[in-house]
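The figures here come from the full heavy-atom set of this structure, side chains too, leaving out hydrogens, waters and symmetry mates.
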Amino acid sequence: MFTTRPGTASPIQRTFVGVDFFSVFQEVYLRTNDPRVSNIVKFSDWIGELKVEAAASIKDGKRILFQFDTAAFSFKFLPFKVPYPVPFRLLGDEAKGWLDTTYLSHSGNLRISRGNKGTTFVLQKRTDPRQKLLAAISTGTGVEEAIDEFISLSKSGAKDEPVLLEGEWQMIWSSQIETDSWLENAGNGLMGSQIVKNEQMKFLVNILPGIRFSMIGKFVKSGTKTYDVTMDDAALIGGPFGYPLEMETKINMELLYNDDKIRISKGYNNILFVHLRASDGSK
């Protein structure tokens with residue numbers, strides 16, 4: 001986001017801190033068998049990037065020691081990488097350096113660092129849309145905006161329409177606050193988990209220790225991303241015993257996004273739901 005540019009900067013450093021017209025990123029991967037730090041100049045999505053990599057290690061908890069050892073251009077219009085013409089082995093100490101973290105925000109998204117050449121860097125962490133959505137849900141703020149952003153970005157890279165995947169799905173958020181009736185909440189999918197298997201959907205809610213509410217129904221695909229769901233087999237279950245309940249709920253569910261980990265849908269009364277996958281549906 002910002003950097004100072006001391007005159008003592010190395011030729012490698014000047015490649016990055018002197019760039020005004022392109023995006024500059026830093027990748028830091030330290031908890032691996034091959035810890036590395038990389039600096040990246042991204043020219044554009046359709047041109048490509050320059051990536052300079054360094055072997056790294058940690059000293060005193062906050063200092064990263066690094067030594068640049070490889071670099072290459074990756075152009076979108078070429079099927080191979082073009083080596084960056086810098087003889088790292090001949091540069092000696094010019095290819096080495098360190099980076100201190102002088103400030104890290106509580107969220108971990110903003111970092112201020114100072115390098116061995118006296119340069120100060122201000123970096124903002126690039127957050128994955130999925131992480132932003134889950135963070136919004138955990139704080140309870142800006143969830144619908146995060147959903148809109150997540151779906152918009154997902155659509156740009158999606159080739160096929162979303163498909164309702166089998167498995168156990170735990171509801172982690174809905175746009176409607178639960179009513180005073182737990183039975184109504186459970187019947188409308190506002191609580192607990194869903195198990196999808198063999199064109200059948202099951203709502204499952206733990207009411208008390210050893211007592212569960214179960215509601216089973218069927219779904220049929222009614223459009224490119226919509227499903228008609230009829231839930232009509234409800235019961236309270238305690239151990240091996242069940243007490244049937246007279247209930248029926250019909251839902252038109254629109255699948256807004258679905259992958260093997262997260263599902264976003266719109267259902268009863270246009271309520272938005274976010275589910276996380278808990279299992280492979282073997283239950």
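- Of the possible polar contacts, none joining the Q67 side chain to the A95 backbone as a donor-acceptor pair under 3.5 Å is found.
- There is a side-chain donor-acceptor pair under 3.5 Å between Q194 and R263.
- Remark: of the listed residues E168, M171, K261, M171 is the sole one forming a side chain to side chain contact (heavy atoms under 4.5 Å, CB included) with H275.
- L256 is connected to I262 through a chain of hydrophobic side-chain contacts under 4.5 Å among Ile, Leu, Val, Met, Phe, Trp and Tyr, so both are in one cluster.
- Within 6.0 Å of the NZ atom in K221, the count of heavy atoms belonging to other residues, nucleotides or ligands exceeds 12.
- Scanning both residues, G167 and W169, for their nearest heavy atoms gives O-CD1, 3.3 Å.
- Between K42 and E49, the shortest heavy-atom contact is CA-CB, 4.0 Å.
- Hydrophobic clustering (side-chain heavy atoms under 4.5 Å, transitive across Ile, Leu, Val, Met, Phe, Trp, Tyr) keeps I112 apart from I58.
- Under the 3.5 Å distance criterion, the side-chain polar atoms of Y227 are matched with a main-chain donor or acceptor of L164.
- Here the side chains of K250 and V229 are not in contact, with every heavy-atom distance at 4.5 Å or above.
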Stepwise side-chain contact (heavy atoms from CB on, under 4.5 Å) check, M231 with F203 = CA-CA 9 Å; M231 310 295 293; F203 293 170; 4.0 Å; yes

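- A salt bridge between E199 and K218 is absent, with no side-chain N of the basic residue lying under 4.0 Å from a carboxylate O of the acidic one.
- With S138 contributing its side chain and A135 its backbone, the two residues share a donor-acceptor pair below 3.5 Å.
- For T4 (side chain) and T120 (main-chain N/O), a donor-acceptor pair under 3.5 Å exists by modelled atom type.
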Stepwise side-chain contact (heavy atoms from CB on, under 4.5 Å) test for R111 and S113 = CA-CA 6 Å; R111 173 165 58 95; S113 298; 2.9 Å; yes

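- Listed for the S175 side chain is a donor-acceptor partner under 3.5 Å among the backbone atoms of L272.
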Going through the distances and angles, do L110 and L123 end up as a side-chain contact (heavy atoms from CB on, under 4.5 Å)?
-> CA-CA 6 Å; L110 185 69; L123 303 102; over 6 Å; no

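- Looking at every heavy atom in both residues, Q170 comes nearest to G192 through NE2-O, 3.2 Å.
- The side-chain heavy atoms of R130 and L133, taken from C-beta on, include no pair separated by under 4.5 Å.
- Under the 4.5 Å side-chain criterion, counting only non-hydrogen atoms from C-beta, V37 is in contact with Q26.
- Surrounding CZ of F241 are at most 12 heavy atoms belonging to other residues, nucleotides or ligands under 6.0 Å away.
- The hydrophobic cluster containing M201 also contains V163, counting ILVMFWY residues as joined when their side-chain heavy atoms lie under 4.5 angstrom apart, directly or transitively.
- The shortest heavy-atom contact between G217 and Q200 is O-CG, 3.1 Å.
- A donor-acceptor pair under 3.5 Å is absent between the side-chain atoms of T101 and the main chain of Y103, judged by distance alone.
- Hydrophobic clustering (side-chain heavy atoms under 4.5 Å, transitive across Ile, Leu, Val, Met, Phe, Trp, Tyr) keeps I251 apart from I216.
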Take V24 and F121, measure what side-chain contact (heavy atoms from CB on, under 4.5 Å) needs, and give me the verdict at the end.
-> CA-CA 11 Å; V24 179; F121 304 88; over 6 Å; no

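- The pair R63-D100 meets the salt-bridge criterion, since a charged nitrogen lies less than 4.0 angstrom from a carboxylate oxygen.
- Salt bridge R36/E27: absent, no basic N to carboxylate O contact under 4.0 Å.
- Side chain of N116 to backbone of W98: a donor-acceptor contact under 3.5 angstrom is found.
- Annotation: side chain of E246 is not in contact with side chain of D232 (no heavy-atom distance under 4.5 Å).
- The side-chain heavy atoms of T230 and F219, taken from C-beta on, include no pair separated by under 4.5 Å.
- You'll find the side chain of V274 reaches within 4.5 Å of the side chain of I137, heavy atoms only.
- When side chains are defined from C-beta on, I264 counts as touching I147, because their heavy atoms get closer than 4.5 Å.
- A chain of hydrophobic side-chain contacts below 4.5 Å, direct or via other Ile, Leu, Val, Met, Phe, Trp or Tyr residues, connects F75 to F80.
- The aromatic ring centroids of F66 and F68 lie less than 6.0 Å from each other.
- Nearest heavy atom pair, residue F88 against residue V52, reads CZ-CG1, 4.1 Å.
- Inter-residue side-chain proximity for Y257 and F150 is flagged as met; some heavy-atom pair is nearer than 4.5 Å.
- Considering every non-hydrogen atom in both F77 and I47, the closest pair reads CE2-O, 4.3 Å.
- Taking a cutoff of 4.0 Å between a charged side-chain nitrogen and a carboxylate oxygen, K225 and E254 qualify as a salt bridge.
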